[in-house]
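Scope of the values below: all heavy atoms of this structure, side chains included, with no hydrogens, waters or symmetry mates. Please read these numbers as outputs of a predicted model, since none were measured by experiment.
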Amino acid sequence: QVQLVESGGGLVQAGGSLRLSCAASGSDFSNYAVGWFRQAPGKEREFVAGISANSRITHYSDPVKGRFTISKDSAKNTVYLRLIDLKHEDTSVYYCAAKRVNLLSVILQQVQIYDIWGQGTQVSVSS
């Protein structure tokens with residue numbers, strides 16, 4: 001069973017950047033679709049970005065498109081989320097999630113589909 005650990009969050013000024021990491025352990029990560037989600041206080045967890053198991057397809061939510069980039073380093077069993085031009089409204093706890101898939105070119109956006117989650121990392125953007 002894959003286990004996920006996020007890191008890389010922090011406090012930045014508006015316009016700044018961060019790189020979040022999602023390190024997987026416990027199993028081969030190559031057959032897992034991965035998503036990044038975020039949850040602000042009092043709000044529902046929302047999809048931010050996803051990458052297919054074979055890394056060929058990525059997808060982003062509209063609020064982050066053009067500012068966030070998801071990538072996967074298979075050799076390190078790690079998925080990254082690069083955040084640039086951060087805005088105050090990006091302030092949230094960011095979670096990565098994984099789901100073992102048979103189709104290697106699918107993106108999963110729904111929270112309820114994922115069955116493996118990390119503990120989250122806080123991103124705070126000061127305005």
Could you tell me whether the side chain of [Y] reaches within less than 4.5 Å of the side chain of [X], counting heavy atoms only?
| X | Y | value |
| --- | --- | --- |
| Tyr80 | Lys72 | no |
| Gln13 | Ser126 | yes |
| Glu46 | Arg38 | yes |
| Asn54 | Ser105 | yes |

Atom NZ of Lys43: over 12 foreign heavy atoms under 6.0 Å: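 Not buried by this count: 12 neighbours or fewer within 6.0 Å.
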
Verdict with supporting geometry, Arg82 and Ser71, side chain to side chain contact (heavy atoms under 4.5 Å, CB included): CA-CA 8 Å; Arg82 176 70 171 164; Ser71 62; over 6 Å; no

Test item: [X] side-chain N/O and [Y] main-chain N/O as donor-acceptor pair under 3.5 Å:
| X | Y | result |
| --- | --- | --- |
| Glu6 | Gly120 | yes |
| Ser52 | Ile57 | yes |
| Thr91 | Glu89 | no |
| Tyr114 | Leu108 | yes |

Salt-bridge criterion met for Asp62 and Lys65 (N-O under 4.0 Å):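 Here Asp62 pairs with Lys65 in a salt bridge, since their nearest N and O are under 4.0 Å apart.
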
Carboxylate-amine/guanidinium contact Arg100 Asp115, below 4.0 Å: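 So Arg100 does not pair with Asp115 through a salt bridge.
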
Heavy-atom pair with the smallest gap, counting every atom of Ala14 and Ser127: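 The pair with the smallest heavy-atom distance is CB-CA, 4.3 Å.
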
Pair Phe37-Phe47, ring-ring contact (aromatic ring centres under 6.0 Å, His included): steps then yes or no: CA-CA 4 Å; Phe37 294 78; Phe47 173 81; 5.7 Å; yes

Side chains of Thr78 and Asp73, donor plus acceptor under 3.5 Å: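 Absent: no donor and acceptor within the cut-off.
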
Residues clustering with Leu83 (ILVMFWY side chains joined when closer than 4.5 Å, directly or via others):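 Reading the cluster by chain and number, Leu83 sits alongside Val2, Leu4, Val12, Leu18, Leu20, Phe29, Tyr32, Val34, Trp36, Val48, Ile51, Tyr60, Val64, Phe68, Ile70, Val79, Leu81, Leu86, Tyr94, Ile116, Val123, Val125.
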
Full working for side chain to side chain contact (heavy atoms under 4.5 Å, CB included) between Lys99 and Val101: CA-CA 6 Å; Lys99 174 69 176 179; Val101 295; 4.3 Å; yes

Audit row: Ser7, Thr121, side chain to side chain contact (heavy atoms under 4.5 Å, CB included) steps and yes/no: CA-CA 6 Å; Ser7 60; Thr121 185; 5.7 Å; no

Derivation and outcome, side chain to side chain contact (heavy atoms under 4.5 Å, CB included), residues Arg45 and Val93: CA-CA 9 Å; Arg45 192 167 298 188; Val93 178; over 6 Å; no

